[in-house]
Enquirer: 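Before anything else, here's the structure in question.
Position 1 is the first residue of the sequence, and the numbers go up from there. The structure presented is a predicted model; accordingly, all values stated were derived computationally and were not measured.
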Amino acid sequence: MSASPLAGKRIVLGVTGGIAAYKAIEVSRRLVDAGAHVVPIMTEAAHHFVGTTTLSALASEPVQTELWHNATSPIPHTFVGQGADLIIVAPATAKSIAAYRMGYSHDLLQNTLIATRAPVIVCPAMHTEMWEHPSVVDNIAVLRSRGVHIVEPESGRLAGGDEGAGRLASPESIVAAAERVLGPADLAGVSVVVSAGGTREPIDAVRVIANRSSGKQGYAVAAEAAARGASVTLVTTVSLPTPQGCRIVPVETAAQMQAAMEQAAATHDVVVMAAAVADFRPAQVAEGKLKKRDGAPKIILEPTPDILAGLGSNKRVGQVLVGFAAETDDLVANAQSKLDKKHLDLIVANDVSAPGVGFAHDTNAVTLLRPDAEPVEIDLASKRDIARVVIDAIIALRDAR
Ligand code: C5P
């Protein structure tokens, strides 16, 4: 299985003095989990917000702060930056952004930033007034023009109870940006639409027929496609954190998903139906809330449209169409028949009765089937790792054409 593009990479994580410094610890943990070697640097000011013990423990080596009397090297000002594959500054304060713009190398982090040829990701975090101040806007624009990657802050609750733009991007978004920067951009220029989550079919004004799909596998496919340079639309029934760089189209029912997918399929190069679409829906939806006192209602069901089969019949030349199949028995035979009937290029089949597989889990084990190729089994792995294999298979299909 292909590894994360972060595996084996030396990543300097620069932590500056902001309230969001505690989130850098989670960023470090995730980078290490992806196989990176994390070299943590804290500025003097960062020590006011987090201690070194946790970050040292969760990174790959002890935190460094000192430019002078540094135990790691007699010349730490160049040593750290020269050896890096990537530098991430998270959180980046207004002051550290200004210093970086000016090349003002007063501490170990700023020296590292200008003594490197590695790509740099800056993740600003500050109060809204500061983020919108012309000096910060200008500094960010200059950094961007130099090729520095900026992971924009989010809107939300800030220190002191304020609300607004300036909150540090989520650890997921920061790690996704690192994957994008270090990963192969082998889907650059390709548009991908992914559906995710289970549809909800209304019975009355408050009740629905739903299923156990969490949407996690679809989100992982969308995140991986975006990380590899694709422009990604995610048609979803769930509200998990938006993967970095994906455009969200929220839907609820099979009919809404059908409309969104048909519209997207007309313009996208790759279509992935990872959603668990209801096969049946109530034929009539009661207007208000059905009353308990009226007794158990008889709910007549009607079939929903098979969205994927429709997309298969109208597939555009060169388009790659991918389906998922959740099975409890005869995995390969059932998936094979769906592959043929729905005119798919690839189907990702999972045995949802196996432990750790399918709905709601963070892991999955799948079999990939293509027309005219032997099935490929992928053992239990994280949904993101499964997504990587699915995207590899999509790229192989496109390359073969
Ligand atoms: O036939 P089955 O439901 O097992 O097929 C699963 C695949 O078909 C999935 O990719 C799912 O998203 C898609 N599907 C669909 N519309 C339906 C039912 C399933 O697009 N009504």
Side-chain angles (χ1 to χ4, degrees), residues 1-14 24 26-40 58-61 80-90 112 116-123 147-152 169-192 194 216-232 234 241-246 270 272 348 362-364 366 368 376 378-399:
M1 183 182 308
S2 58
S4 159
L6 306 183
K9 292 289 172 10
R10 199 173 172 85
I11 301 181
V12 173
L13 177 61
E26 177 64 14
V27 173
S28 173
R29 196 187 61 79
R30 285 173 183 253
L31 295 171
V32 169
D33 283 352
H37 180 98
V38 177
V39 181
L58 291 176
S60 311
E61 49 183 75
V80 186
Q82 284 171 341
D85 294 306
L86 172 69
I87 301 178
I88 303 175
V89 186
T112 300
T116 194
R117 298 220 161 89
V120 175
I121 299 176
V122 167
C123 311
V148 173
H149 305 270
I150 307 291
V151 179
E152 297 239 346
S170 66
E172 287 105 307
S173 304
I174 295 170
V175 174
E179 286 173 332
R180 245 195 338 274
V181 170
L182 287 181
D186 44 9
L187 277 181
V190 178
S191 53
V192 178
V194 182
K216 287 178 184 173
Q217 186 63 74
Y219 271 65
V221 171
E224 177 64 17
R228 289 168 71 162
S231 82
V232 180
L234 181 53
T242 303
Q244 184 77 20
C246 295
V270 178
V272 181
V348 184
D362 289 324
T363 49
N364 211 351
V366 299
L368 301 189
V376 178
I378 316 294
D379 292 339
L380 198 67
S382 72
K383 287 189 169 171
R384 184 56 185 261
D385 284 341
I386 299 284
R388 208 166 279 128
V389 180
V390 171
I391 295 294
D392 286 345
I394 291 170
I395 289 169
L397 276 163
R398 285 174 53 85
D399 288 349

Enquirer: Excluding sequence neighbours, so at least two apart, what forms salt bridge (Lys or Arg N to Asp or Glu O under 4.0 Å) with Glu26?
Expert: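 Here the qualifying residues are Arg29, Arg30.
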Enquirer: Going by heavy atoms in the side chains, are Thr112 and Ile87 under 4.5 Å from each other?
Expert: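 When only atoms from C-beta onward are counted, Ile87 and Thr112 do touch, with a gap below 4.5 Å.
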Enquirer: Could you tell me the separation between the CG atom of Asp399 and the CG atom of Asp392, rounded to the nearest 0.5 Å?
Expert: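 The CG atom of Asp392 is 10.5 Å from CG of Asp399, to the nearest 0.5 Å.
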Enquirer: Testing the basics here: between Ala59 and Val38, what is the closest heavy-atom pair and its distance to 0.1 Å?
Expert: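 Result for this residue pair: CB-O, 3.8 Å.
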Enquirer: Is any side-chain N of the basic residue among Arg10 and Asp85 closer than 4.0 Å to the acidic one's carboxylate O?
Expert: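 Salt bridge flag = no for Asp85 with Arg10.
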Enquirer: Mind listing the closest non-hydrogen atom pair of Ala84 and Ala118 along with its distance?
Expert: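 Closest pair (atom of Ala84, atom of Ala118, distance): O-CB, 3.4 Å.
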Enquirer: Do Ile391 and Arg228 have side-chain heavy atoms sitting under 4.5 Å apart?
Expert: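 They are in contact (side-chain heavy atoms under 4.5 Å apart), so the answer is yes.
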Enquirer: Please round to the nearest 0.5 Å and tell me the distance separating atom CG of Leu86 and atom CG of Leu31.
Expert: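 Spacing of CG (Leu86) from CG (Leu31) equals 8.0 Å.
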Enquirer: If the condition is side-chain hydrogen bond (donor to acceptor under 3.5 Å, both in side chains), which residues does His37 pass it with, not counting sequence neighbours?
Expert: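 Partners of His37 under the side-chain hydrogen bond (donor to acceptor under 3.5 Å, both in side chains) test: Glu61.
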Enquirer: Which heavy-atom pair separates Tyr219 from Pro243 by the least distance, and what is that distance?
Expert: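 In this case the closest contact between Tyr219 and Pro243 is CD2-CD, 3.7 Å.
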Enquirer: Contact between Val389 and Val376 at the side-chain level, heavy atoms closer than 4.5 Å - yes or no?
Expert: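 No. Closest side-chain heavy atoms not under 4.5 Å.
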Enquirer: Report the residues that fulfil side-chain hydrogen bond (donor to acceptor under 3.5 Å, both in side chains) with Arg384, sequence neighbours left out, ordered by chain and then residue number.
Expert: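 Arg384 satisfies side-chain hydrogen bond (donor to acceptor under 3.5 Å, both in side chains) with Glu179, Glu224 only.
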Enquirer: With rounding to the nearest 0.5 angstrom, report the OG to CG distance, Ser60 to Leu13.
Expert: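 Going from the OG atom of Ser60 to the CG atom of Leu13 covers 10.0 Å.
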Enquirer: What pair of heavy atoms forms the shortest contact from Gly218 to Val194, and how long is it?
Expert: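 Looking at all heavy atoms of both residues, the closest pair is O-CG1, 3.5 Å.
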Enquirer: Rounded to the nearest 0.5 Å, how far does CG of Leu234 lie from OG1 of Thr242?
Expert: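 Interatomic distance, Thr242 OG1 to Leu234 CG, rounded to 0.5 Å: 7.5 Å.
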Enquirer: Counting C-beta onward and ignoring hydrogens, is there a side-chain heavy-atom pair between Val151 and Val122 closer than 4.5 Å?
Expert: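 No. Closest side-chain heavy atoms not under 4.5 Å.
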Enquirer: Tell me every residue that passes side-chain contact (heavy atoms from CB on, under 4.5 Å) with Lys383, counting only those two or more places apart in sequence or in another chain.
Expert: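 Counting only residues at least two positions away or on another chain, Lys383 forms a side-chain contact (heavy atoms from CB on, under 4.5 Å) with Ser214, Lys216, Gln217, Ala220, Asn364.
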Enquirer: Do Thr116 and Val80 have side chains that get closer than 4.5 Å, going by heavy atoms?
Expert: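 No; the side chains remain at least 4.5 Å from each other.
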Enquirer: Quick check: do Ile378 and Ile386 have side-chain heavy atoms less than 4.5 Å from each other?
Expert: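 The answer is yes, as the side chains (C-beta and beyond) meet within the 4.5 Å cut-off.
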Enquirer: For Thr363, which residues count as a side-chain contact (heavy atoms from CB on, under 4.5 Å) partner, sequence neighbours excluded?
Expert: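 Thr363 satisfies side-chain contact (heavy atoms from CB on, under 4.5 Å) with His361, Leu380 once adjacent residues are dropped.
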Enquirer: I'd like to check the side-chain contact (heavy atoms from CB on, under 4.5 Å) partners of Ala226; sequence neighbours left out, ordered by chain and number.
Expert: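 With neighbours one apart ignored, the set is Val232, Cys246.
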Enquirer: Hey, are the side chains of Ser170 and Gln244 touching, using non-hydrogen atoms and a 4.5 Å cut-off?
Expert: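 Counting from C-beta outward, Ser170 and Gln244 never come under 4.5 Å.
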Enquirer: How far does CG of Leu58 sit from OG of Ser28, to the nearest 0.5 angstrom?
Expert: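 The distance works out to 6.0 Å.
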Enquirer: Using 0.5 Å steps for rounding, measure from the CG atom of Leu182 to the OG atom of Ser4.
Expert: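 The OG atom of Ser4 is 8.5 Å from CG of Leu182, to the nearest 0.5 Å.
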Enquirer: Minimum heavy-atom separation for Leu368 and Ala393, please, with both atom names.
Expert: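 So the two residues come closest at CD1-CB, 4.0 Å.
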Enquirer: Looking at side-chain heavy atoms only, is the closest gap between Ile88 and Ile11 below 4.5 Å?
Expert: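 Sidechains of Ile11 and Ile88: in contact.
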